[in-house]
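Structure, as structure tokens:
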Number of protein chains: 2
Amino acid sequence: MSADAPVPARRARRYDPGRRDRLVDTTLDVIAENGVAAATHRAIARAADVPLGSLTYHFGSLTDLFAAAFTRHVDTVAARFDERMRAAPDRAAALEALVEHLTGDLLGSQRDLVLAVELYVAAARNPALRAVTQDWMSRSRRSLERHLDPVTAREVDALVEGLVLHSALSTDPMDATRIRSALHRLAG
Amino acid sequence: MSADAPVPARRARRYDPGRRDRLVDTTLDVIAENGVAAATHRAIARAADVPLGSLTYHFGSLTDLFAAAFTRHVDTVAARFDERMRAAPDRAAALEALVEHLTGDLLGSQRDLVLAVELYVAAARNPALRAVTQDWMSRSRRSLERHLDPVTAREVDALVEGLVLHSALSTDPMDATRIRSALHRLAG
DNA sequence: GGCCGTTGTGTACGTTCGTTCCTATGAGTT
DNA sequence: AACTCATAGGAACGAACGTACACAACGGCC
């Protein structure tokens with residue numbers, strides 16, 4: 001009469017060395033999927049299949065976790081973007097690489113697009129995240145300045161931001177041809 | 001023994017014909033000030049100095065209230081923008097009006113800027129708000145097409161969106177001169 | 001002046017949240 | 001093998017949330 005007692009089903013898994021890293025990744029997944037507002041401790045714990053307490057153990061607060069997640073995201077995208085710019089031999093190639101970055105890397109995966117916008121808004125209200133956005137903006141501009149003068153780089157940067165926003169939210173985003181034409185008008 | 005009884009301090013004010021309108025305005029204020037996430041029934045009620053129940057009486061749900069608020073905001077900004085475009089006699093004047101719109105109307109009041117970005121993100125997750133953003137985007141483009149061909153209008157629209165985002169979040173937004181130069185490069 | 005239906009108000013309910021805390025476990029060290 | 005301490009796990013707390021609802025108050029109508 002005690003075999004299948006109402007034991008609360010103890011969790012078996014133990015000692016998970018990469019867990020902290022996985023939590024950061026899962027956080028980005030949840031934010032991309034449902035937005036920052038829906039990225040609660042519980043939602044992330046469920047998505048990562050870890051108990052609730054594990055989150056507050058690894059990260060002192062939800063803001064800390066967001067900061068870690070966005071920092072990772074910015075590092076990933078900024079590194080990829082700078083590599084593209086570094087690989088370009090001249091200005092024309094840089095513009096084409098920019099088109100590729102926009103249509104291939106970003107617009108291809110709605111994920112990075114959405115994460116960017118979510119980061120922008122979260123940072124607008126949260127001082128702890130503002131540094132991450134600032135870092136992204138300055139790295140992005142520095143990459144552009146490999147082939148563009150500072151004034152043009154700044155204008156292109158603004159246009160790119162607008163294209164990202166448009167693409168993330170509009171029903172009919174601009175295609176590669178239109179983007180290329182706009183970039184050349186601005187920086188060609 | 002009953003004069004100053006612990007009566008819960010009945011509210012005196014009654015019959016407030018313009019209340020529904022005021023609630024919409026107050027909602028925009030709260031969103032601009034603290035973001036959509038902080039715009040709760042209670043926060044708005046406090047800001048408008050009305051009891052909590054008044055909100056659910058006038059608006060069936062929080063989403064309904066947001067939709068009403070954003071619709072009003074879009075109507076205001078879109079009307080002002082279209083008037084500027086309509087008043088411009090030619091393409092050059094239209095571009096200058098656009099600069100004026102950006103630096104004067106929008107960047108002058110951080111408020112409209114922030115509201116725009118908040119709307120974008122809220123709409124990305126909430127189907128009921130998506131129609132409002134679509135309306136804004138199409139009206140904005142139609143206004144631009146008074147003086148620009150459709151292709152250019154679209155590019156300018158994207159650039160403007162990027163400038164808005166940059167201005168709302170960057171520490172050193174572009175000034176009127178730079179904005180004018182960028183617009184002329186793109187559409188001049 | 002008395003009735004009625006719209007409008008206004010206060011409270012309560014059930015849910016979800018971030019965070020805290022106590023206990024259990026096992027890898028690494030001695 | 002024994003000990004230790006960083007990690008893991010689950011329950012609990014108080015606070016805040018959206019919403020529902022019962023009752024109060026008053027303008028408009030007879």
Side-chain angles (χ1 to χ4, degrees), chain A residues 5-27 30-31 33-70 118 122 125-129, chain B residues 5-27 30-31 33-70 118 122 125-129:
Chain A
V7 176
R10 279 266 169 214
R11 189 179 290 267
R13 182 148 35 80
R14 280 265 170 187
Y15 271 75
D16 185 351
R19 175 173 292 192
R20 202 192 133 97
D21 270 0
R22 273 197 308 111
L23 287 180
V24 173
D25 287 337
T26 304
T27 301
V30 173
I31 292 176
E33 188 80 26
N34 306 108
V36 170
T40 67
H41 275 137
R42 287 171 176 81
I44 297 165
R46 212 176 308 125
D49 190 31
V50 301
L52 176 59
S54 187
L55 282 168
T56 54
Y57 173 74
H58 285 287
F59 302 92
S61 75
L62 200 55
T63 299
D64 286 352
L65 176 54
F66 287 167
F70 278 133
E118 292 282 348
R125 306 289 173 189
N126 194 331
L129 300 180
Chain B
V7 177
R10 280 268 169 212
R11 189 177 289 266
R13 183 148 35 81
R14 281 267 169 184
Y15 274 74
D16 186 351
R19 175 172 291 190
R20 204 192 131 96
D21 270 1
R22 275 197 307 111
L23 286 181
V24 173
D25 287 337
T26 304
T27 301
V30 173
I31 292 175
E33 188 80 24
N34 305 108
V36 169
T40 67
H41 276 135
R42 287 171 175 80
I44 297 166
R46 212 176 308 124
D49 190 31
V50 300
L52 176 60
S54 188
L55 283 169
T56 53
Y57 173 74
H58 285 288
F59 301 92
S61 77
L62 200 55
T63 299
D64 285 353
L65 176 53
F66 287 167
F70 278 133
E118 292 283 348
R125 307 288 174 190
N126 193 332
L129 300 179

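Throughout, a chain's letter reflects where its sequence line sits, starting with A, and its residues are numbered from 1.
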Residue pair [X] / [Y]: nearest heavy atoms and the distance that separates them:
| X | Y | result |
| --- | --- | --- |
| T27(A) | L23(A) | OG1-O, 2.7 Å |
| T63(B) | A128(B) | CG2-CB, 3.8 Å |
| E118(A) | F70(A) | C-CZ, 4.2 Å |

Tell me the interatomic distance from [X], atom [atom1], to [N], atom [atom2], rounded to whole angstroms.
| X | N | atom1 | atom2 | result |
| --- | --- | --- | --- | --- |
| R20(B) | dT6(C) | CZ | C1' | 15 Å |
| H58(B) | dT9(C) | NE2 | C1' | 11 Å |
| D16(A) | dA24(C) | CG | C1' | 17 Å |
| F66(B) | dC17(D) | CZ | P | 11 Å |

Checklist line | side chain to side chain contact (heavy atoms under 4.5 Å, CB included) partners for A39(B), two or more places apart | finding: V30(B), I31(B), I44(B), F66(B)
Checklist line | Separation between CG of L62(B) and CG of L55(B), rounded to the nearest 0.5 Å | finding: 8.5 Å
Check: Are the side chain of S54(B) and the backbone of P51(B) linked by a donor-acceptor contact shorter than 3.5 Å?
Finding: no
Next item on the list: Between protein and nucleotides 15-20 of chain C, map the contacts as a letter string: B base, S sugar-phosphate only, - none, heavy atoms under 4.0 Å, written 5' to 3'.
Entry: --BBBB
Note to self: It should be established whether R19(A) places a side-chain nitrogen or oxygen under 4.0 Å from OP1 or OP2 of nucleotide dA6(D).
What the structure shows: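 Answer is no, no contact under 4.0 Å.
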